[in-house]
Amino acid sequence: MQRNQGNRVPLEKIDDYSWRIPMEAKPGMRVPGMVFADETLLQKMKTDRTLTQCMNVAHLPGILKYSITLPDGHEGYGFPIGGVAVTDFEDGALSPGGVGYDINCGVRLLTTNLNENQIKPKLSDLTDRIFRSVPCGLGSRRKDFRVSDRELDILVREGVPRIVEQGMGRVEDADHCEEQGCMKTANPEKVSQTAKKRGRSQVGTLGSGNHFLEIQRVDRIVDVKVAKVFGIDRVGQVTVMIHCGSRGFGHQVCSDYLRVMEGAVRRYGISLPDRELACAPGNTREAEDYFQAMSCAINYAFINRQVITHSVRESFRQVFNQPSEEFGLDLVYDVAHNIAKIEEHVVSGSRRKVWIHRKGATRAFPRGHPDVPVDYRDYGQPVIIPGSMGSNSWVLVGTEKAMEVSFGSTAHGAGRMMSRSAARRRFRGNEIRKTLGRRGIIVRAASPIVLAEEADSAYKDVNKVVEVSDRLGIATRVAKLSPMAVIKG
DNA sequence: ATGTAC
């Protein structure tokens with residue numbers, strides 16, 4: 001049963017990949033909506049509340065220019081997943097729903113100097129070893145790495161550099177993370193004890209759902225020059241991709257502050273079309289507290305991916321009996337795709353400080369931007385887009401066009417097409433495993449149910465999503481990756 | 001996404 005709510009949302013076609021929802025579509029909209037998609041992806045958005053939610057977001061106090069839905073957009077909590085909302089820094093809204101429950105869910109990519117044929121004899125052993133050392137699945141905990149409340153406070157305040165100091169990484173890793181792996185605005189005093197308790201035993205765990213760890217091969221190089229700068233120089237080269245977030249810690253921070261924001265909505269008399277958009281003006285205590293707590297969760301996800309990276313490097317060392325540096329295993333980049341930050345953008349011709357919410361959206365800053373790591377400054381930031389299980393993933397590069405039309409942002413992945421429950425009814429985990437096996441892909445999963453929920457055909461085609469980004473020019477294609485082994489929650 | 005619940 002589909003509600004087809006989106007059919008009632010008026011759309012004006014601007015070009016083949018851009019559609020405007022006019023301000024007149026719904027009373028109370030402060031700006032138009034802007035949907036970046038091709039005809040096919042747009043049709044998919046009409047089967048759920050995506051377009052309605054895009055319109056709802058346009059009601060946020062202080063929202064600027066337009067409410068953006070990206071090609072992978074689908075229905076989420078209040079805001080669509082695959083969306084960008086920018087508000088005025090002084091009195092514009094900051095909203096937990098615009099970030100999502102999995103704060104700083106994100107992706108990092110490691111390159112190796114191995115070719116697929118060199119890794120194949122050891123692939124099964126390597127996958128097993130990683131699967132054993134990185135706990136995955138719902139509620140998974142790390143037995144060999146637990147921290148006290150005091151240590152957790154230090155970790156979430158200091159982020160990746162702290163983990164590196166503890167011997168779980170290389171000094172250069174931090175430079176290849178968004179925010180250098182640490183939001184300086186993190187303040188653990190604003191995080192509840194419940195969140196900390198949940199977080200103590202989950203640093204270095206993968207989680208469940210669409211999270212995964214893959215050993216991949218380079219399938220195709222589109223932009224040879226930029227690929228080389230990112231450390232990708234040949235088809236068949238082996239890479240490792242880690243996709244996960246802030247686990248129970250971030251989830252609890254989101255829940256805690258959604259409640260705070262519901263109070264703020266009443267206190268400041270904010271009128272919204274959906275209570276799931278709960279927010280506070282940026283210059284209030286509530287917004288500041290959320291930002292400081294969310295910054296801790298952002299750092300939590302960064303260190304989570306850093307500790308997992310360490311486990312991957314250790315697994316390579318053990319399986320091949322050589323130091324991991326021998327294989328490269330360099331960090332290309334670590335991107336966040338569920339995050340709110342303070343940035344500067346040009347709006348109506350003038351430069352201003354704003355709150356930016358990227359929910360299921362990847363930053364795509366161009367060459368020359370000071371926030372792009374020095375190693376990539378002349379080319380643009382690496383944009384890493386994970387596919388669904390068994391499908392391709394992509395590396396793109398940020399552009400000036402993204403700064404002009406999407407506040408320096410692009411899509412974040414395939415985006416669901418079928419609900420989890422529908423996928424469970426339609427597919428069997430073991431069948432999915434066999435299908436992947438026939439394609440030569442090794443699968444290790446904590447639960448067969450998750451395999452069914454995450455079946456590739458429950459998702460949109462990531463290649464199409466990436467194609468729209470490339471055609472629009474809001475991040476252009478660099479290299480296509482395909483899985484050799486996949487570890488799932 | 002998440003110790004499937006105020």
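Lettering follows sequence order; numbering is per chain, from 1. The analysis underlying the following values was restricted to heavy atoms, covering all of them including side chains, and did not include hydrogens, waters or symmetry mates. As the structure is a computational prediction, the values presented were derived from the model and not from experiment.
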How many Å lie between [atom1] on [X] and [atom2] on [N], as a whole number?
X        : N     : atom1 : atom2 : result
A:Leu138 : B:dT4 : CG    : C1'   : 8 Å
A:Asn304 : B:dT2 : CG    : C1'   : 14 Å
A:Asn338 : B:dT2 : CG    : C1'   : 13 Å
A:Tyr101 : B:dT2 : OH    : P     : 13 Å
A:Asp256 : B:dC6 : CG    : C1'   : 14 Å
A:Tyr257 : B:dT2 : OH    : C1'   : 19 Å
A:Asn104 : B:dT2 : CG    : C1'   : 16 Å
A:Asp102 : B:dT2 : CG    : P     : 6 Å

Contact class for [X] vs. all strands (heavy atom < 4.0 Å): base, sugar-phosphate, or nothing?
X        : result
A:Gln202 : sugar-phosphate
A:Ser246 : nothing
A:Gly209 : sugar-phosphate
A:Arg141 : nothing
A:Gly245 : nothing
A:Arg416 : nothing
A:Glu262 : nothing
A:Thr194 : base

Do A:Arg444's NZ or CZ and the ring of A:Phe131 fall within the cation-pi criteria of under 6.0 Å and 45°? no
Counting only heavy atoms from other residues, nucleotides and ligands, does the tally under 6.0 Å from CD1 of A:Ile449 exceed 12? no
Can you establish whether the number of heavy atoms outside A:Arg141 located under 6.0 Å from its atom CZ is more than 12? no
Parallel, tilted or perpendicular: which describes the rings of A:Tyr376 and A:His176, with under 30° parallel and over 60° perpendicular? tilted
Taking the six-membered ring for Trp, are the ring centroids of A:Phe36 and A:Trp19 within less than 6.0 Å of each other? no
